[in-house]
Amino acid sequence: MEYADDTGRELLALRGAFLSRRIHETFTRYAYGRRRRPEADVRVHGAPRWKHAMHLLRLLASARDVLRTGELTVDVGKRREPLLAVKRGEVPWSEVEARMTRLEREAGEALRRTTLPAQPDRRRVEDFLVGVRRASALRTP
């Protein structure tokens with residue numbers, strides 16, 4: 001069972017204010033930096049750490065999807081089994097690399113078409129945070 005008080009509901013209603021085109025840079029830059037680790041594992045040990053590869057695929061797909069839809073979805077849905085197959089090492093590294101490259105390309109294409117704003121709505125977020133801090137400070141223990 002999920003529960004949210006008034007502050008939680010206000011924060012949930014605000015979640016779109018955190019999203020912007022910067023997701024592309026943030027997610028893909030992080031993924032690119034992390035991608036070097038499994039590639040190094042392949043060179044040194046002959047195989048990547050499959051769990052890391054799975055998470056990179058999930059991250060890149062999330063970036064693409066947020067840019068396409070304007071919403072962050074944590075549930076991987078129908079991609080769950082293919083991701084778990086990667087985690088179990090059942091997918092050849094060359095295919096994982098090809099998927100990563102495809103997802104990076106698709107995220108770039110989604111960036112060009114996205115309706116997300118260039119920057120997060122800092123004013124709305126800051127107003128929320130100040131209001132929460134103010135309400136907290138005014139509460140008596």
Side-chain angles (χ1 to χ4, degrees), residues 1-45 47-141:
M1 182 168 128
E2 294 180 23
Y3 169 77
D5 62 8
D6 289 342
T7 303
R9 285 187 289 279
E10 188 178 352
L11 182 58
L12 287 169
L14 184 67
R15 63 183 152 202
F18 292 91
L19 300 177
S20 73
R21 292 179 179 157
R22 293 183 65 187
I23 284 172
H24 181 266
E25 177 188 350
T26 304
F27 278 44
T28 57
R29 184 180 57 216
Y30 178 81
Y32 181 76
R34 291 294 197 167
R35 185 173 176 172
R36 287 182 268 172
R37 287 183 179 183
E39 289 172 345
D41 289 338
V42 170
R43 283 192 305 276
V44 174
H45 305 292
R49 292 190 179 122
W50 294 108
K51 182 177 178 180
H52 293 167
M54 176 202 65
H55 286 301
L56 288 175
L57 289 169
R58 183 183 52 78
L59 182 69
L60 289 167
S62 292
R64 177 202 59 198
D65 294 347
V66 169
L67 292 164
R68 285 179 175 174
T69 67
E71 294 182 17
L72 178 63
T73 304
V74 177
D75 183 5
V76 294
K78 65 184 179 187
R79 291 192 305 258
R80 184 175 191 275
E81 269 312 308
L83 287 169
L84 290 176
V86 170
K87 183 179 179 182
R88 293 187 297 261
E90 299 169 358
V91 180
W93 176 244
S94 60
E95 185 177 330
V96 172
E97 282 185 307
R99 286 183 195 177
M100 286 181 193
T101 300
R102 178 181 49 82
L103 288 167
E104 288 170 350
R105 185 182 68 251
E106 290 174 356
E109 292 166 3
L111 176 63
R112 287 188 288 284
R113 294 184 182 96
T114 191
T115 60
L116 288 174
Q119 300 291 325
D121 189 340
R122 291 181 184 268
R123 178 67 167 187
R124 282 181 60 207
V125 172
E126 288 174 5
D127 287 349
F128 168 78
L129 293 172
V130 168
V132 169
R133 290 290 302 251
R134 184 175 289 124
S136 175
L138 294 175
R139 271 190 228 122
T140 53

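We count residues from 1, following the sequence as given.
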Notebook entry, point to check: What distance do Arg64 atom CZ and Leu60 atom CG have between them, rounded to the nearest 0.5 Å?
Noted result: 9.5 Å
Check: Which pair of heavy atoms, one from Pro48 and one from Asp41, lies closest together, and at what distance?
Finding: CA-CB, 3.7 Å
Note to self: Rounded at 0.5 Å granularity, tell me how far CZ in Phe128 sits from CG in Asp121.
What the structure shows: 13.5 Å
Check: In Å and rounded to the nearest 0.5 Å, what is the CG to CZ distance from Leu116 to Arg22?
Finding: 13.0 Å
Next item on the list: Might you point out which heavy atoms bring Ile23 and Ala63 nearest each other, and give the distance in Å?
Entry: CG2-CA, 4.3 Å
Notebook entry, point to check: Crowded around Arg49 CZ? As in, over 12 foreign heavy atoms under 6.0 Å?
Noted result: no
Note to self: Please find the pair of heavy atoms, one from Phe18 and one from Val125, that lie closest to each other, and give the distance.
What the structure shows: CE2-CG1, 3.8 Å
Item checked: Atom CZ of Arg29: over 12 foreign heavy atoms under 6.0 Å -> yes
Check: If you measure from CE on Met54 to CZ on Arg99, what distance do you get to the nearest 0.5 Å?
Finding: 12.5 Å
Margin query: Let me confirm one number: the CZ-CZ distance from Arg79 to Arg58, rounded to the nearest 0.5 Å.
Written below: 10.0 Å
Checklist line | Note, Thr73 side chain near Asp65 side chain (heavy atom, < 4.5 Å) | finding: no
Margin query: What's the separation between atom CZ in Arg134 and atom CG in Leu129, rounded to the nearest 0.5 Å?
Written below: 12.0 Å
Notebook entry, point to check: With the threshold set at 4.0 Å, does a side-chain nitrogen-carboxylate oxygen contact exist between Glu126 and Arg122?
Noted result: no
Item checked: Ala107 to Leu67 - nearest heavy-atom pair and separation -> O-CD1, 3.6 Å
Margin query: Quick check on Glu109: does its CD atom have over 12 non-hydrogen neighbours (other residues, nucleotides or ligands) under 6.0 Å away?
Written below: yes
Check: Which atom pair, heavy atoms only, marks the closest approach of Trp50 to Val91?
Finding: CH2-O, 3.2 Å
Margin query: Counting C-beta onward and ignoring hydrogens, is there a side-chain heavy-atom pair between Leu56 and Leu103 closer than 4.5 Å?
Written below: no
Check: Should the heavy atoms of other residues, nucleotides or ligands under 6.0 Å from CZ of Arg113 be counted, would the total exceed 12?
Finding: no
Item checked: Test log, rule side chain to side chain donor-acceptor pair (under 3.5 Å), inputs Thr101 and Arg35 -> CA-CA 11 Å; Thr101 300; Arg35 185 173 176 172; 3.2 Å; yes
Next item on the list: For residues Arg124 and Ala17, report the shortest heavy-atom separation together with the two atoms involved.
Entry: NH1-CB, 3.8 Å
